[in-house]
Amino acid sequence: MRRITAVLLLITLVVLPGCSLADPVVVSREALGTVVSVTAYGEDESAVRAAIDDSFTVMAEIAGPLDAYTSGSDTAAFNRQPYTAGPLPPRAADILDEIEALEVGDAFSPTLFAVTRLYDFEGARTLPDTDDLALAVTASDRFVRQEDGTALFSRLMDTDVRLEPDGPLAPGLDLGGAAKGLALDAARESLRGSDAVTAALISSGSSTVTLGTKPDGGVWRIGIEDPRDLSRVLAVFSFEGDGALSTSGDYQRYFEVDGERYHHILDPTTGLPARGVRSLTIAGASLSGLDSDILSTALFVRGAHNALAYAAEHGAALMVVDAEGRTLVVPAPENSGVTVSEEAPETQ
Ligand code: AMP
Ligand code: MG
């Protein structure tokens, strides 16, 4: 029980008072469209706090331009003229390159803006019309990167007004499945570059990166919640030093129609919520936050069986909760500095 409480303290973003040698400074703030928590160790508390402030600035600088849903962002500007070749938003090329490097382009699509918009998860939460969905999927799949660094969507022969740049099905970039991970990586590099910080953990809730080893030599512990009982910790991932972990789940953003759950992780080939997985967590010492963020979304789409195979082949730790509520785990390789321990359900 004490172990579980310790984990919960970590993930529920408790701000610890004061700072002795052994206590970290913990700062939680609204950022990246959620609450981000930075836990950092160092001897000079005010210098550690200044470094944490800087890391929040860096995160905003990375994520702001990549947010398709903020009208003033570079991504929104790109999406306003989808059929005209324009420069990619800052750092978008890094995300596109990494999707290719990880070989998950079949399951992770950075161009689902027209499709995700149809569900309106934050607003009306409506089921899309079948014909709209099919057209949005087709238009979204026509993204072209050009050698000069610009990109555009090629028009369909079909001149449907819904596809016009200001129409409801106009294609666009949606980098929301990867931008948080990229921002966490940048924050970690910012903290790494600070003389004041000796070790740190940065978490956006769904993604976490760690930096270095805690001063007492203890491991970083990250609790993974039960997708159907968020107060219960299902498993704990531990990192000895640098690492990254991301969870994608069908409980993070969803609505229900006729008893069916429509959640925000979409199969790019159909535009429908990916079925068969409730939550998927991937972690590794050699993964970046960007990698783990892309992979949690992509492997969720590919399904439990394929996800287990990918993790085993790539030496990553994985935990999947499938549609029947079964928990499946691929442990990290021995001596990789990452361990997964499943928590026994509480009996009282
Ligand atoms: P995550 O929470 O990291 O799993 O990312 C989910 C977000 O990524 C969604 O809210 C969408 O904006 C976007 N998204 C949904 N499905 C996909 C997909 N198959 N590939 C890439 N991005 C997606
Ligand atoms: Mg993701």
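The basis for the numbers below is simple: all heavy atoms, side chains too, and nothing from hydrogens, waters or symmetry mates. Here the structure is a predicted model, which is why all the values come from computation and not from measurement. Both ligands and their constituent atoms are indexed starting at 1 by order of listing.
Among all heavy-atom pairs drawn from Leu173 and Pro89, the shortest one is CD1-CD, 3.8 Å.
The existence of a salt bridge linking Asp97 and Arg91 is excluded, since no basic side-chain nitrogen approaches an acidic carboxylate oxygen closer than 4.0 Å. Taking the charged nitrogens against the carboxylate oxygens, Asp250 and Arg261 do have a contact shorter than 4.0 Å, which makes a salt bridge. A salt bridge is absent between Asp120 and Arg125; no separation between the charged side-chain nitrogens and carboxylate oxygens falls under 4.0 Å. The residues Glu240 and Lys214 are annotated as not salt-bridged, no charged nitrogen and carboxylate oxygen being separated by less than 4.0 angstrom.
Tyr69 has its ring centre less than 6.0 Å from the ring centre of Phe113.
Rounding to 10 degrees, one finds that the Mg ion (ligand 2) sits at the corner of an angle of 70° between Asp293 OD1 and Gly177 O.
At least one N, O or S atom of Thr297, from either the backbone or the side chain, sits less than 2.8 Å from the Mg ion (ligand 2).
Listed by chain and number, residues touching ligand 1 at under 4.0 Å (heavy atoms only) are Ala107, Phe108, Ser109, Leu112, Thr116, Asp174, Gly176, Gly177, Ser248, Gln252, Arg253, His264, Ile265, Leu266, Pro268, Asp293, Thr297, Val301.
In this structure, a donor-acceptor pair under 3.5 Å is absent between the side chains of Tyr262 and Thr126.
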